[in-house]
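Notes follow once the structure below has been shown.
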Amino acid sequence: MAESRPEQIDHFKERYGIRYQGLVADEAMVVSAMAYASRVGVQVMQQGGNAVDAAVAVHFALAVVYPVAGNLGGGGFAVYRTSEGAVHTLDFRETAPEQSTRDMYLNANGKAEPGWSRNGALAVGVPGSVDGMVRLHERFGTQDWASLLAPAITMAEDGFPITALQAERLRDVQDDLLTYNTHDRIPLLGIGWHSGDTLRQPDLARTLRSIQQYKRAGFYEGENLQRLIRSVQAAGGLLTPNDLRSYQSVWREPIQFDYGAYRFYSMGLPSSGGILLAQMLYHLSHFPLAGMGWNTDRYLHLLTEVERLAYADRAKYLGDPDFVAVPVDTLLSAAYLDERLTLIDTQRATPSEAIEAGTIEWQESEETTHFSIVDPAGNAIAITTTLNSRYGSKVMVEGGGYFLNNEMDDFSIQPGVPNQFGLIGGEANAIAPGKRMLSSMTPTIIEKEGDLYMVVGSPGGSKIITSVLQAFLNVTAHGLSLQEAVNAGRVHHQWQPDILYFEDTALDSLTMAQLTARGHTLRERSPYGAVDAIRILPNGQLEGGADFRGDDAAMGW
Ligand code: GLY
């Protein structure tokens with residue numbers, strides 16, 4: 001078993017000391033960004049609910065206890081595998097408003113104004129999360145809908161004590177809340193938030209009650225619709241009642257591929273996650289990674305080169321498949337990938353300009369949230385959902401108590417102009433009314449020899465895909481426990497800018513020197529991503545991996 005390769009374990013131990021494992025449970029588990037939300041999911045399953053019931057309850061709980069990314073006003077993707085092995089993926093990604101135009105973020109001089117797509121009401125796409133939860137529950141849920149929203153409503157009404165990290169983020173966002181709203185009915189407003197302070201959200205509780213009572217109509221019709229449109233239009237946004245009423249989630253085919261003994265099911269377009277994961281692992285399958293050692297220069301060089309190739313394809317070809325023809329079969333074909341493989345120099349970095357043109361820099365914010373659930377019957381669900389940036393557009397619906405996304409920034413607002421993640425795109429990801437913006441969200445379920453093996457995903461903007469990749473490889477190629485795998489320092493390359501980013505725990509000084517000698521430009525950056533995953537151990541128990549970069553928590557029994 002790759003899991004017990006002693007030399008890799010020693011290598012890790014040498015660098016980081018004693019080994020450790022995540023929570024181990026026998027029956028069921030939830031791993032999410034907040035303990036309150038994980039607990040809600042566990043309780044739903046203990047009362048007889050399945051993984052989808054738990055997911056619905058966790059999603060609405062996160063909308064309350066994790067307002068930075070948990071949401072009613074955003075969108076996301078779900079990958080669901082039944083205990084019999086059937087896999088279903090749901091796309092509840094936001095769409096561009098009907099009044100949006102291709103050049104809506106260009107100023108009078110034809111120059112892109114990235115601020116317009118990142119903050120304020122003009123950045124808001126049509127939210128998909130509530131419709132997504134309703135669709136999931138209608139098809140696979142077993143418990144009473146109202147009961148699944150009850151814990152979230154209670155936490156919104158009674159309040160909950162915030163963590164130190166939440167207090168810091170709340171302090172940071174104060175100016176933006178005032179700048180991008182035309183009202184001050186925002187419970188997050190306040191000076192001097194501290195760990196342990198209680199956050200109560202009565203308006204959010206009312207919106208949740210409306211969804212509890214009327215399901216989809218409680219959000220996309222009636223009072224909530226009026227409030228949402230009023231707030232967006234007052235702040236200069238484009239959403240119309242028809243945008244809300246016509247929003248529909250879409251069941252899509254998963255991206256399915258094999259890597260050795262593992263079969264992957266991940267999200268297809270409009271997320272780039274599954275396609276890039278498949279491309280990168282196809283290329284990596286040609287190299288003996290396990291013998292290279294964890295985060296050695298030889299290993300990281302290869303990782304970088306396959307990431308460079310995949311992200312170059314992302315920029316050129318990928319977009320909403322309902323609007324543009326994307327050659328997915330070709331991009332995933334052995335013939336195409338074998339040809340791309342010849343571009344990899346196994347010794348030296350290939351400059352990204354030699355792959356495709358362009359040089360860019362970016363400022364980033366990477367708030368999204370992911371949760372993984374396995375229920376006692378063995379059904380598993382991976383959901384990644386987002387407002388895009390931290391607190392999304394920063395626009396809160398007056399009287400509704402929830403933030404609206406700034407997902408429009410995930411479109412290519414002008415060819416060659418980077419979004420907040422530094423991703424550039426072209427025609428395939430240009431804005432059009434009703435179109436979904438390209439995503440990097442990568443909720444993924446992995447089988448090993450036909451059995452459920454791992455449920456995984458992460459926030460992190462463009463770095464989501466490489467975070468998921470490294471979490472998987474850390475376990476399967478390097479023998480780390482799942483908890484070690486998600487905590488381990490990460491690296492990231494996305495073709496442009498031609499920089500290999502690393503967290504400080506990812507590289508030692510020797511490896512840095514070796515990578516530089518191979519021609520890589522290195523840059524340290526602050527910790528990113530939050531991989532929340534579950535692995536099925538060889539004895540059938542579940543191991544949780546709750547990322548230590550945030551307040552993430554695994555719970556189970
Ligand atoms: N908003 C981040 C993503 O969808 O990739």
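Atoms within each ligand, like the ligands themselves, are counted from 1 in listed order. Given the structure is predicted, the values throughout are model-derived calculations rather than measurements.
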Exercise for review: Under the ring-ring contact (aromatic ring centres under 6.0 Å, His included) rule, collect the residues that match up with Phe219, sequence neighbours excluded.
Suggested key: Tyr402
Exercise for review: State the atoms of ligand 1, each with its element, that fall below the 4.0 Å cut-off from a heavy-atom position in Arg93.
Suggested key: 4 (O)
Review point. So which heavy atom on Asp91 is nearest to which on Pro270, and how close?
Key: OD2-CD, 3.1 Å
**Study point:** ligand 1 versus Glu407: contacting region, heavy-atom distance under 4.0 Å
**Key:** side chain
Practice item. Return a yes/no value for Thr368: is any of its N or O atoms, backbone included, closer than 3.5 angstrom to an N or O of ligand 1? Key: no
Check your understanding: Do any N or O atoms from the side chain of Ser458 and from the backbone of Ala530 form a donor-acceptor pair under 3.5 angstrom?
Key -> yes
Point to revise | Element-labelled atoms of ligand 1 that are located less than 4.0 Å from some non-hydrogen atom of Asp410 | key: 1 (N), 2 (C), 3 (C), 4 (O), 5 (O)
Exercise for review: Hey, can you tell me if Trp251 and Phe140 have their rings parallel, tilted or perpendicular (30° and 60° cut-offs)?
Suggested key: perpendicular
Review point. Of the choices Gly460, Gly461, Ser440, which has the non-hydrogen atom that lies closest to atom 5 (O) of ligand 1?
Key: Ser440
Run the side-chain donor-acceptor check on residues 57-69: report pairs under 3.5 Å with partners two or more places apart or on a different chain.
unit_1	atom_1	unit_2	atom_2	d
His59	NE2	Asn71	O	2.8

Check your understanding: Looking at Met441, which atoms of ligand 1 are within less than 4.0 Å of one of its heavy atoms?
Key -> 4 (O), 5 (O)
